[in-house]
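Please read these numbers as outputs of a predicted model, since none were measured by experiment.
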Amino acid sequence: MDQGGSTPVFAATAQVDGDHLRVVVTGEVDMATADTMLQTALREPARRLTLDLRAVTFFDSAAIYAVVQLARRFPGTLAVLPSRQVRRVLEISGLAGQDWFDRS
């Protein structure tokens, strides 16, 4: 898709509140950025993780792999808040039925 010459900005920021970590991701999560998203989520010690992907504009197989790794690291305590694009990719991949997928 033509972005009008502008480069999509990727960012992954972490916010810690006790044992809860919230990682907010914006832009494109792909082969070049998925590991940064993953490492941002693993950098801080936490028992619960919310992965806020509501501002993600592109999500590929490397991003899916990173989310699956986080689901393994945070069993029963991961929540993924998807953008419309992320929701579609996870539905197509068969992962929308996972307990960590926010269906709202």
Show the numbers, then the answer: is there a side chain to side chain contact (heavy atoms under 4.5 Å, CB included) between Leu51 and Met37?
CA-CA 9 Å; Leu51 189 60; Met37 177 183 73; 4.2 Å; yes

Grab the two heavy atoms, one from Ala96 and one from Phe101, that are nearest each other, plus how far apart they are.
O-CD2, 3.1 Å

Working for side chain to side chain contact (heavy atoms under 4.5 Å, CB included), residues Val56 and Gln85:
CA-CA 7 Å; Val56 169; Gln85 293 85 351; 6.0 Å; no

Can you give me the closest heavy-atom contact between Pro82 and Arg87, atom names plus distance?
CG-NH2, 3.6 Å

Hey, is CZ on Arg103 packed in by over 12 heavy atoms from elsewhere, all under 6.0 Å?
yes

Yes or no on side chain to side chain contact (heavy atoms under 4.5 Å, CB included) for Trp100 and Leu95, after CA distance, side-chain angles and deciding distance?
CA-CA 9 Å; Trp100 44 259; Leu95 293 172; 4.1 Å; yes

Can you tell me how far apart CE (Met31) and CG (Asp60) are? Round to the nearest 0.5 Å.
8.0 Å

Could you grab the distance from atom CZ of Arg84 to atom OG1 of Thr57, nearest 0.5 Å is fine?
11.0 Å

How many angstroms lie between CD in Gln69 and CD1 in Ile64, if you round to the nearest 0.5 Å?
12.5 Å

Value for OG1 (Thr50) from CG (Asp102), rounded to nearest 0.5 Å, stands at 9.5 Å

Same apolar cluster (I L V M F W Y, side chains within < 4.5 Å links), Val68/Leu53:
yes

Is it true that Leu81 and Leu21 fall in one hydrophobic cluster, defined by side-chain heavy atoms closer than 4.5 Å?
no

What pair of heavy atoms forms the shortest contact from Ala34 to Ala66, and how long is it?
O-CB, 4.0 Å

For a side chain to side chain contact (heavy atoms under 4.5 Å, CB included) with Leu70, tell me which candidate from Val80, Leu38, Val23 qualifies.
Leu38

Is there a side chain to side chain contact (heavy atoms under 4.5 Å, CB included) between Phe59 and Arg88? Walk through the geometry before answering.
CA-CA 9 Å; Phe59 202 73; Arg88 183 72 178 129; over 6 Å; no

Smallest heavy-atom separation, Leu90 atom then Ser93 atom, equals O-OG, 3.1 Å

Please report the closest heavy-atom contact between Phe10 and Glu28, naming both atoms and the distance.
CD1-O, 3.3 Å

Nearest 0.5 Å, please: how far is CZ in Arg22 from CD in Gln15?
6.5 Å

Point-to-point distance, once rounded to the nearest 0.5 Å, from OG1 of Thr40 to CG of Asp35
9.0 Å

Counting only heavy atoms not in Asp17, do more than 12 sit closer than 6.0 Å to its CG atom?
no

Between Leu42 and Val67, is there a shared hydrophobic cluster once you connect ILVMFWY residues whose side-chain heavy atoms come closer than 4.5 Å?
yes

Under the 3.5 angstrom rule, does the side chain of Thr77 hit a backbone N or O of Arg47 as a donor-acceptor pair?
yes

